[in-house]
Each structure stands twice: as C-alpha cells, then as structure tokens.
Protein chains: 2
Amino acid sequence: MSGRTVTIAQVAKHAGVAVSTVSYVLSGKRTISADTRRRVLDSISALGYHPNAGARALASKRSNVIALVLPLRAGMHVPVLMRFASAVVTAARRFDHDVLLLTADEGTDGIHRVAASALVDALVLMDVELDDRRVPLLRELPEPSVLIGFPAEPAGLTCVDLDFAAAGARCVQHLAERGHDEIALLGAPSVVYDRGTGFATRTREGFVAAVDDHGLKGVTLPCEDTFDEVYETVRDLLLDRPGLSGLVVHNEAAVGHVLAALRQLGRRVPHDMAVVAICPDDVAERAGPPLTSVLIPAEEVGREAVRLVMDKLEGRAVPDSTLLTPLLAVRAST
Amino acid sequence: MSGRTVTIAQVAKHAGVAVSTVSYVLSGKRTISADTRRRVLDSISALGYHPNAGARALASKRSNVIALVLPLRAGMHVPVLMRFASAVVTAARRFDHDVLLLTADEGTDGIHRVAASALVDALVLMDVELDDRRVPLLRELPEPSVLIGFPAEPAGLTCVDLDFAAAGARCVQHLAERGHDEIALLGAPSVVYDRGTGFATRTREGFVAAVDDHGLKGVTLPCEDTFDEVYETVRDLLLDRPGLSGLVVHNEAAVGHVLAALRQLGRRVPHDMAVVAICPDDVAERAGPPLTSVLIPAEEVGREAVRLVMDKLEGRAVPDSTLLTPLLAVRAST
DNA sequence: GCCGGTCGTCGAAGCGCTTCGACACTCTCA
DNA sequence: TGAGAGTGTCGAAGCGCTTCGACGACCGGC
C-alpha cells in the first residue's frame, strides 16, 4: 500500500539498489544474486509496485497486449464466439498479455490503427471468411497475426481451426457404422454459405466425400435458426426421403428445434432417427436426449491461437495451418 | 506510406515546425494558425504517422483505453452480453478510446492490475451482482468506473441499467389493459435468483407490486433454459391456474420454448394466452407469433455507460444511478 | 510612439521504463 | 601469480510523446 503511483525508482531506493537492478529482477534478463532479488521483491510488495504499462511499452517496444478482432455479424452463433473470446483472454493472460477488443465494424482501419500505434503486439482474428477483406492487410502488417478459420487463400498466414471436413466425415462414418445408409446434413443458415464462410462449407465437403466413400445416400441442406423454419425443413426432408434414418446437425442454434420438430413429427430419437450434432459439448449434453456429437473445441482453438501468436512474437517458426482433430462423443441419440 | 515507424519528430521536420507544434495540432490544446495546421496535417498523412500509444500514455498519463469487465458465467444469456460489449466498443471508439477485455475469472486481481499499471483509464463492469466482490475494490480505485447493473449497496458508485422494476410493471399494466386478471411471470433460471442477480429480482418485484396495484392475481416462477424443463413448468402452471390468461416471460433463452410448449399444450397465442416478453427486439420479432415485448436496450445501455465513464474521466459530475425507461412494443402476441 | 495583450511557435524538461556498456569483484587454470 | 572468464551491479542514454515557460510579432489604445 502507498499513496500515489509507485515507480521503479522508489522501489530501487527502498531496496538500496539501482533502478536497472530492479528491472533485471523483474525481467530475468540478467543474473541477479538471490539475496538482492529477495530484497527487491520484498520492496516491490511492500510498496505495492506495478510497472507502468506505457513506460514499459515505450522502452521495450512491446505493449504486452494482443488484439482480438471479433466479427459480431448476423448468422454467427454468438455463444460460441464468446467461448473463443474467453479462451483467448485466459490463454493470453498465461503469457502475461492482455486483450484489446476490436469489432470488425471499424473495418480494417481499426486493425491498422492499433498496429501502427503500437497499442498491440499481435493480432488474433476470429470468424475469418473465405474472401476476407482483412486478409490482405494482415499480409503487410509487421505485427504477427493468427486467424481462427481459413480464408480461401491462406498462403503466408497462420490459421487455426477445427478440421471441419474431418468432423463432417467423422459423423458420416459413425452413422455408417451404425448401419444407416440414407442420411442428411442440416447445416448453417443459407446466408452463412452464401458468405462463403469456411467452416460451413468444409463440413459439407467432408460430409459429401464421406458419403461417397461409404457408398451411402446423402443430402445436405442449409438450416435456419427459428423453430418454424426448422420445422418446415425437417418436415419436407422426411417427406422427400422416407428412407432417411440418420441426421447430422451442424447448427448449434437449431439443434433444439430439430429435436422438437422430430418429436412433433412423431419420430423418436434414436429409434426412428439417429442424430449426430457438431456443436459445443454442453449443448449436446443438455439436449433431450443427450446427443452424440463432435464437439467444437472453442477453448482449445482459442488457446492454440494464442500459443501460435506468442510463438510468432518470439520469432519461432509456426505451421501455416493447424487443424484440430475432431473427437466424437457417443451419447443417447445414435 | 513509409518504411518503419514514423515519429512525431519526422513529421515536425517534414513540415518544418517544432515537435511541440505537431503535438498541439493533434491535441488542439493551443491555437495554431490555419496555415501551419494544414502543413502539419499534410505531413502526417504523407508520412502515414500514427502517434505511439505507449509514449502518449507515458507523457500524458492517459492511455485512452477503458477496461470492459465481462462475467462469462453460467445462467447469463450470452448474446445479450455480446451486444452490450459491442455497444461499449463502438461507443468508446467515438470518444477515441479502445477497449481492453477482462474476464471476471481473473477476479479482482485483473482489475487491480490494469488500473495500477495505468493500462486503462477507466472501467466498465457488466452483469453486476447484488453482492459483488468487485464493488469494494472499485470504491478505492482512483480510476473512474461505471457498473452495468446494480449491486445491493450502490452508494458512491455509478450504475446504469434498464429500469427492470418498471419493465415488469409495464408488462402487467399492458396485460391489465387488455383485460387479463390472472397472470404469471416466467423469469430467469433459479440459479440466477439464488445468486441474487439484480435484474431478475427487480423485474419480479416490479411485477408483484404492479399486480397488487391493479388488483390482479399473479404468480412468479423461475424458468430454466431447456425445452423439457420449460415444457414441464408451463404444463404445471396451466394445471395449477386454469384461469391464467396472460404470461410475462423474462428469459430470452426460454422464450421460444415457452411458445412451443404452449402450442403443444393446445393453447393459441394470443387467443388463449397473451404473452409479453422482456427481451431484445430481434428475438421478439423473430418469434412465432412476433411478441409484444419490452426491449432490453443493450446498445443504449452500453452507450450510456461509456458516456458516463467519459464524463467522470473529464471530471464532470454524473448521477449515481441511471435507469433507462422501458419501452413496450405491441406485436401479435397480446 | 510606447505599453500591455493576445497569438503562434519553439525548445527543453520530463513521464517511467529497458538496455547497453562499464566496472569491480571473484574464480579458475596455466 | 597473473591473465582470462565469468558474475553481479550500476549509471546513463534513450524510447516518443506532452506540456510548460519563454519569446518574438503583431495588435489596439492612449
């Protein structure tokens, strides 16, 4: 405890050492005797010293802040975003960094601004589109960046994501093993496909390819978020495809509606219809019945993105592309 | 465009003026002739100058960053949080500030750290609980702060929120005007009440008081998020209260389930049961049928919080308590 | 034609930190 | 015993900006 802001000079005086010695104790960049280190640390806590972030950034050219660029757009399922964001913040803290929040509606200007003003050392971008206008800027930026999601042309960038193609395929494989031979994929709202968002498209591709490989019959449909639209989609699907016995749902917001619609349409899960979801674990577990699912490992993706960006900051080489292997958890719905 | 980081000294040289003159052009704190100003601004854009945030913070003792402390806890409806967050970022940018994201799981340490290190100038806290452990810290902090939500003891703090008591009362009034005399409130999940979260409790109090005032019969129930639990709650409620003809739903996640449950239970909205929701506008509009609702003005609350915190930063006096008046939008459900 | 007031600009002193080179020691090993 | 190689610590030079006091130049009033 103390009156007004404590500086490193006061700590140095209190401990009877030079300012630079305090700095080296803090950074560990030079060896300091155990005795001196102890005295300095004691003084730091006695005075309640916290290094001034601005001064540190100015002198060291490192702000210890990373930018998190969020989209906040229609069609994204927000709770998932939030979990990413939370994971990024937590992971960043473990590297002694803080997180500056940028929303995409400031456009590329915001990115340029925080980078040019040295407000942040690095950037993590979420919800990257296939044709993302932020991507060209990132290529020119001296600050390192990591994308969560894949643009169409990821050369020269570092990207992390769940391997959605593998996830789609994994669901098909599971249904095939269970003996289903006519299955469907209910995906994201059509606006998401229109925008060319990578994860939706890649899941569909993985699904289609796996259906071929296993010699099944399969169809893929977009799927909106509201109950009424979901109900119609499911009803029409059942009419069109009487032999359908397996469903893959890749739309977190619609999962509950799909189950409700099946119930109203007299189909029991899993008896009349097997359902596999691609969604966060808690959503799958809370559903009735609990759903067999490929989980979206938001925490892991966020953590990995931060790890990569820190590696780049330290000048270590990182892979261009990191795809996290999907894991299928079998529950009551298949 | 230029090679590596441009400094104010280079701008000054390029424009043929002193460094301090450039600074005054940027800050407007001293009068500068139109001619000089023009030359300086030209040089700035010619060189692509961006002031270094760290240096600026160090010299001016202002980082131009505010902290946004998010809870990220169970029971909170995340999309609403996101809209607050987005509104705060947008509003902050209009005051030329950026937003640092803190999650509450770092506890009060994080708040203390960013304040003590002068990383942020001020704080906005979201989802404040009645008995919030962050509140005592805020009282001692020299940095100004604004709470979104109300703690039990708000003395000496600045708080903003929708006037939830008025919102609850407004719904009752509307139903009373429509001639309903036995009504119910379906609220937040019980865990939210147990935690003593202000907005849930205050809505309930407003509801109860208004029911009394209007001489109606009313009951209030917590309401979980999953379809099955909602279904049971609604079913039991209809059995217990055969005369019930009006429902207030203050639980964004459950709104859709309530409507589905009513449908399954053979009640038509609004014919057999009038429904008023307290939720964001888009949720009310997308429901089937579109719901009469009191909207949660996330954008307005976020904007107001930022305005208040900026006022405090400038040393202007602000009211301790800002309650935004609820607005009821009549739609098809009543 | 001189005095007091703006007005516009400049130079320099920090802000609190990191980091570089220097320097006094203490060990080792020839 | 003395050269060489570490250790542990210090002082000072910035990092890029804001802000204060100073100072000409120019104005109007007497």
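Every chain is numbered from 1 and lettered A, B, ... according to where its sequence line falls, protein lines coming before strand lines. Just so it is clear, the model here is predicted, and its values are computed rather than measured.
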Verify the contact: side-chain N or O of B/Ser60 to OP1 or OP2 of D/dC17, cut-off strictly under 4.0 Å; return yes or no. no

Without decimals, in angstroms, what is the distance between A/Leu26 CG and C/dG16 P? 16 Å

B/Ser23 side-chain N/O to D/dT18 phosphate OP1/OP2 under 4.0 Å: yes

Ranking C/dG16, D/dC10, D/dT18 by distance to the side chain of A/Leu58, first place goes to C/dG16

Measure the distance from CD on A/Gln10 to C1' on C/dC17 and round it to the nearest whole Å. 14 Å

Between P of C/dG11 and NZ of B/Lys13, the distance in whole Å: 14 Å

Quick one: closest heavy-atom pair of A/Leu137 and A/Thr108, and the distance? CD2-O, 3.5 Å

Taking the nucleotide of DNA chain C with the nearest heavy atom to each, does B/Arg37 or A/Ala9 sit closer to the 5' end? B/Arg37

Looking at the side chain of A/Ala59, which of D/dG8, D/dT19, C/dT18 is the nearest nucleotide? C/dT18

Output the single nucleotide from C/dG16, D/dC17, D/dT9 whose closest atom is nearest the side chain of B/Thr7. D/dC17

Heavy atoms from other residues, nucleotides or ligands near NZ of B/Lys312 exceed 12 (cutoff 6.0 Å): yes

In whole angstroms, how far is the P atom of D/dT18 from the CZ atom of B/Arg62? 13 Å

Which part of the nucleic acid does A/Val17 contact within heavy-atom distance under 4.0 Å: base, sugar-phosphate only, or nothing? sugar-phosphate

Consider the side chain of A/Lys61, meaning its heavy atoms from C-beta on, and name the nucleotide among D/dC15, D/dC10, C/dG16 that approaches it most closely. D/dC15

Can you find a heavy atom in the side chain of B/Leu70 that is under 4.5 Å from one in the side chain of B/Asp127? no

Going through the checks in order, is the side-chain contact (heavy atoms from CB on, under 4.5 Å) test met by A/Thr5 and A/Asn52? CA-CA 9 Å; A/Thr5 101; A/Asn52 178 291; over 6 Å; no

Would you kindly compare B/Gly54 and B/Lys29 by the position of their nearest DNA chain D nucleotide and give the one closer to the 5′ end? B/Gly54

Taking only the side-chain nitrogens and oxygens of B/Arg56, find out if one of them lies under 4.0 Å from OP1 or OP2 of D/dT18. yes

Measuring to OP1 and OP2 of D/dC17, would you say a side-chain N or O of B/Tyr24 lies under 4.0 angstrom away? no

Here the distance between atom P of D/dT7 and atom CG of A/Asp35, to the nearest Å, is 18 Å

Decide, yes or no, whether a salt bridge links A/Glu304 with A/Arg307 under the criterion of side-chain N to carboxylate O below 4.0 Å. yes

Please report, rounded to the nearest Å, how far the P atom of D/dG11 is from the CZ atom of A/Arg30. 14 Å

Expressed as a whole number of angstroms, how long is the span from B/Ile8:CD1 to C/dT9:C1'? 14 Å

Counting any heavy atom closer than 4.0 Å, what does B/Thr31 reach on the DNA or RNA strands: base, sugar-phosphate only, or nothing? base

Would you please confirm or rule out a distance under 4.0 Å between OP1 or OP2 of D/dT9 and any side-chain N or O of A/Ser33? yes

Steps toward side-chain contact (heavy atoms from CB on, under 4.5 Å) verdict (B/Val6, B/His50): CA-CA 7 Å; B/Val6 186; B/His50 284 260; over 6 Å; no

If you check the A/Ser20 side chain, which of C/dG16, C/dC10, D/dC10 turns out closest? D/dC10

D/dC17 P sits how many Å from A/Leu119 CG, rounded? 13 Å

